[in-house]
Peer 1: 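Below: one structure in structure tokens.
Naming: A, B, ... by sequence-line order, numbering from 1 per chain.
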Number of protein chains: 2
Amino acid sequence: MKTIQHIAREISASGLKVTPQRVAVMQALHKLNHPRAEEIFNEVSGSIPGLSPTTVYNVLDILAGKGMIKKVKTDSGVMRYDAVSDHHHHMYCIDTDRVEDFFDPELDMILQNYFQKKKIEGFKLEDIKLQLMGKFDESEKSKSI
Amino acid sequence: MKTIQHIAREISASGLKVTPQRVAVMQALHKLNHPRAEEIFNEVSGSIPGLSPTTVYNVLDILAGKGMIKKVKTDSGVMRYDAVSDHHHHMYCIDTDRVEDFFDPELDMILQNYFQKKKIEGFKLEDIKLQLMGKFDESEKSKSI
DNA sequence: TTCCTAAAATGGAATAATTACAAATTAGAA
DNA sequence: TTCTAATTTGTAATTATTCCATTTTAGGAA
């Protein structure tokens, strides 16, 4: 888990002012699993009384704009957020709204090689995201949020 | 372009009643490029006076549920729809909301082989969707919607 | 340390997409 | 032709999110 100091340094390094709201949102993002804005608001409200939902949306937008966090789209249409900024993909549960990160450098390499050879006409590819759709094992249920 | 008769047969084959609204929505989906519900409503309103937006949402949900069409999620958060039900992926423009289909059976085969060998612990993979993020060539601009 | 100002947070209202639901209509089987 | 479950309609409600004017604050300069 990242320390408050580490988070503060990250925010500062992105040219942003370090505010309690931003630090707390980052902490909540690390603690929760792909939370929606509302969940972050609930989590952060505890430590920051008087927090406005608008602020949460603002902070999330700004952090995402700086590449510090990622927006994750789900089929339900609600935006979810991800503190992990390293390149990765997502596993989506077909039945629930559970989302998990999926890291696979080997696969990334395969895809990179593939698209290096096979250019797409009229399109400059910059990033590939995989959406792995499926079902998590029942025994894994307890891990879901 | 599919005929009305063909569309009617498709709908019927899915165990649904053939209504003018459903046929018209399917036609609009074939005509438009990844439209949002509102665009479909505008298109279909012409041929079906008194059409309700609710009906468009209903029809889209039901057709998607039967696998006749697909829902396409965009980063803006608005749902878009796709008449093409064959397995394919999507190219997203980073700057605009343009979306295009991407077919690549060779790549699908590579991915299928890869995940046959390399199982994901605790997750039963059922489908892989690629989101290709990038930019369409300027000269291609006219094709955008 | 205090001051200053642009940046950030707040709150309440507005918006946009979508859903809920009860009533009216209709496709298509009998 | 009749009947009924399926479908459509319309209005209201909801939900996530954004807008914007005002207030507050972080952090650099004096």
Peer 1: Find the distance A:Leu60:CG to C:dA8:P and express it as a whole number of Å.
Peer 2: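 Between P of C:dA8 and CG of A:Leu60: 15 Å.
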
Peer 1: Ignoring hydrogens and geometry beyond distance, is the side chain of A:Thr54 in donor-acceptor contact with the base of C:dA9 at under 3.5 Å?
Peer 2: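 No pair found.
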
Peer 1: Given that B:Arg36 and B:Asn58 both sit by DNA chain C, which one's nearest nucleotide is further toward the 5' end?
Peer 2: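 Result: B:Arg36.
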
Peer 1: Using the side-chain heavy atoms of B:Ala37, tell me which of these nucleotides is nearest: D:dA16, D:dT18, C:dT18.
Peer 2: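 It is C:dT18.
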
Peer 1: Please indicate whether B:Lys118 has more than 12 foreign heavy atoms, meaning atoms of other residues, nucleotides or ligands, lying under 6.0 Å from its NZ.
Peer 2: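 Yes, the 6.0 Å shell around NZ holds more than 12 heavy atoms from other groups.
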
Peer 1: Which residues in residues 7-23 of chain B have a heavy atom closer than 4.0 Å to any atom of DNA chain D?
Peer 2: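 By residue number: B:Leu16, B:Lys17, B:Thr19, B:Gln21, B:Arg22.
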
Peer 1: Just by distance, with hydrogens left out, do B:Asp104 and B:His89 show a side-chain donor and acceptor under 3.5 Å apart?
Peer 2: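 Not at all, the side chains of B:Asp104 and B:His89 share no donor-acceptor pair under 3.5 Å.
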
Peer 1: So, are B:Asp97 and B:Arg36 salt-bridged, with charged N and O less than 4.0 Å apart?
Peer 2: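 Yes.
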
Peer 1: Heavy atoms only, 4.0 Å cut-off, all strands: where does A:Ile62 land among base, sugar-phosphate and nothing?
Peer 2: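 A:Ile62: no heavy atom of the nucleic acid under 4.0 Å.
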
Peer 1: Among side-chain atoms of A:His88 and A:Asp108, is any donor-acceptor pair under 3.5 angstrom?
Peer 2: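 Their side chains do not contain a donor-acceptor pair, so the 3.5 Å distance test is not met.
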
Peer 1: Please determine whether a side-chain nitrogen of the Lys or Arg among A:Asp82 and A:Lys71 lies less than 4.0 Å from a carboxylate oxygen of the Asp or Glu.
Peer 2: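 Looking at A:Asp82 and A:Lys71, the cut-off is not met.
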
Peer 1: Starting the side chain at C-beta, find the nucleotide from C:dA17, D:dT8, D:dT9 nearest to B:Leu51.
Peer 2: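 Among the listed nucleotides, the one closest to the side chain of B:Leu51 is D:dT9.
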
Peer 1: Quick check with a 6.0 Å cut-off and a 45 degree axis cone: is B:Arg98 positioned over the face of B:Tyr92's six-membered ring?
Peer 2: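 Geometry flag: not set, cation outside 6.0 Å or 45°.
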
Peer 1: Look at B:Tyr57 and C:dT18 and indicate whether a side-chain polar atom (N or O) is within less than 4.0 Å of OP1 or OP2.
Peer 2: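 For C:dT18, OP1/OP2 do have a side-chain N/O of B:Tyr57 under 4.0 Å.
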
